[in-house]
Amino acid sequence: MSLSELSPHYVRAIAPYQPGKPISELAREMGLNEADIVKLASNENPLGIGSRAKQAITDAMAEIALYPDGNGYALKSALAARLDVGLDQIVLGNGSNDVLDLVARAFLAPGTSAVYSRHAFAVYPLATQAAGAIGIEAPAKDFGHDLDAMLARVKSHTRVVWIANPNNPTGTLLDNGALHAALAALSRTEAVVVLDEAYVEYMDPARRAPSLQWLEEFPNLILTRTFSKAYGLAGLRVGYAACRPEVADLLNRVRQPFNVNSLALAAATAALDDAEFLDRTKRLNDDGMAQFTEGFRGLGLEWIPSAGNFVAVRVAPGGDAGPVFQALLRKGVIVRPVANYAMPEYLRVSIGLPEQNARCLAALGEILGAK
Ligand SMILES: *Cc1c(COP(=O)(O)O)cnc(C)c1O
């Protein structure tokens with residue numbers, strides 16, 4: 001018997017998550033200087049970390065020999081005040097991916113199922129499958145979630161419905177009225193609904209869903225957010241869920257006692273107060289998005305309108321974007337292929353600094369013009 005047979009069949013069947021290519025790896029492979037490589041592949045904040053968060057990490061270093069606060073009291077208090085929810089409604093995670101996994105562990109098991117959309121964030125099928133549950137994929141509408149199609153696929157054994165708003169890698173945003181109606185219908189099922197708002201800080205406040213108010217209306221709703229994107233703390237790993245206390249209690253039962261480290265707790269608490277950094281981040285993203293869409297228009301490329309800090313561009317209509325991805329790598333530009341999201345014609349590009357965006361557009365122009 002091989003060792004792999006000792007593992008449940010549903011674990012063996014998991015296709016590994018494909019992360020963006022690290023700069024150091026490309027430098028090694030292509031013999032390039034790391035400083036000459038532009039990475040627009042993982043939706044990271046091109047401004048780096050904010051000064052307040054950085055100072056908080058320096059200060060927290062003094063106590064690094066001690067275990068972190070397993071309850072994350074300071075960060076949870078700051079979040080509860082900011083979101084106007086109870087302390088017992090916040091669950092912290094080692095990145096919001098950890099929170100997604102907690103939801104899967106708390107609500108899914110063999111014999112249950114979870115519903116997600118085609119082209120939706122890859123962690124939903126992964127977390128579903130790791131829990132031994134059946135993944136039910138609903139077809140998409142214009143690359144976004146088709147809420148009616150998702151609702152139609154909810155079964156009596158469905159315990160989780162995953163919704164990303166905006167979605168990664170498509171950037172698609174749901175209409176608030178349609179989302180509210182779907183949540184109302186889903187509140188009458190035996191499933192919890194995860195509304196993943198990893199990119200909410202990039203949206204104009206007027207466009208955002210009133211999701212925190214919906215928590216009062218829909219007891220089965222779980223909001224998830226992260227410090228990895230707009231707050232610039234992807235390497236520290238910290239995210240959270242806001243939900244009903246009963247749900248938080250379940251998530252905390254399957255959570256490791258010290259899942260968020262002390263530097264991450266300190267940095268996130270400080271970052272939450274850094275309105276200036278968040279503001280600068282949003283403006284840079286708005287400008288960069290305009291730069292890319294103008295550039296794409298100039299190159300005659302279609303793209304999917306995005307509410308996030310990235311955009312999916314159709315570089316190979318009717319074909320395969322792989323060769324364009326490879327050609328970009330040879331020019332020192334790392335973007336993200338999304339064939340694994342059933343979008344083989346597209347590449348996902350994260351919004352960077354103006355000069356990085358320009359490098360990416362110029363490289364695209366050379367590659368596509370030369371065909
Ligand atoms: C990036 C992302 C996350 C957050 O990941 P972290 O684990 O918090 O770094 C969650 N959901 C979506 C849709 C994302 O794109």
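Order of listing sets the numbers, starting from 1, for every ligand and every atom in it.
One N or O on the side chain of N252 and one on the backbone of A248 form a donor-acceptor pair closer than 3.5 Å. D175 contributes a side-chain N or O that, together with a main-chain N or O of G177, makes up a donor-acceptor pair within less than 3.5 Å.
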Donor-acceptor contacts under 3.5 Å from residues 130-149 side chains, at least two apart:
from : atom 1 : to   : atom 2 : distance (Å)
H145 : NE2    : A164 : N      : 3.1
D146 : OD1    : D148 : N      : 3.2
D146 : OD1    : A149 : N      : 3.1

N/O donor to acceptor pairs below 3.5 angstrom from side-chain atoms of residues 305-317, sequence neighbours left out:
from : atom 1 : to   : atom 2 : distance (Å)
S306 : OG     : G308 : N      : 3.0
S306 : OG     : F310 : O      : 2.6
N309 : ND2    : N43  : O      : 2.9
N309 : ND2    : Y202 : OH     : 3.2
R314 : NE     : E345 : OE1    : 2.5
R314 : NH1    : E302 : OE1    : 3.4
R314 : NH1    : E302 : OE2    : 3.1
R314 : NH2    : E345 : OE1    : 3.1

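Side-chain heavy-atom separations under 4.5 angstrom define the hydrophobic clusters, and the remaining members of the one that includes L353 are L47, F277, L284.
In this structure, CG in D249 is found 9.5 Å from CG in D88, a value given to the nearest 0.5 Å.
Protein neighbours of ligand 1 below 4.0 Å, counting non-hydrogen atoms: G95, S96, N97, F121, N168, D196, A198, Y199, T226, S228, K229, R237.
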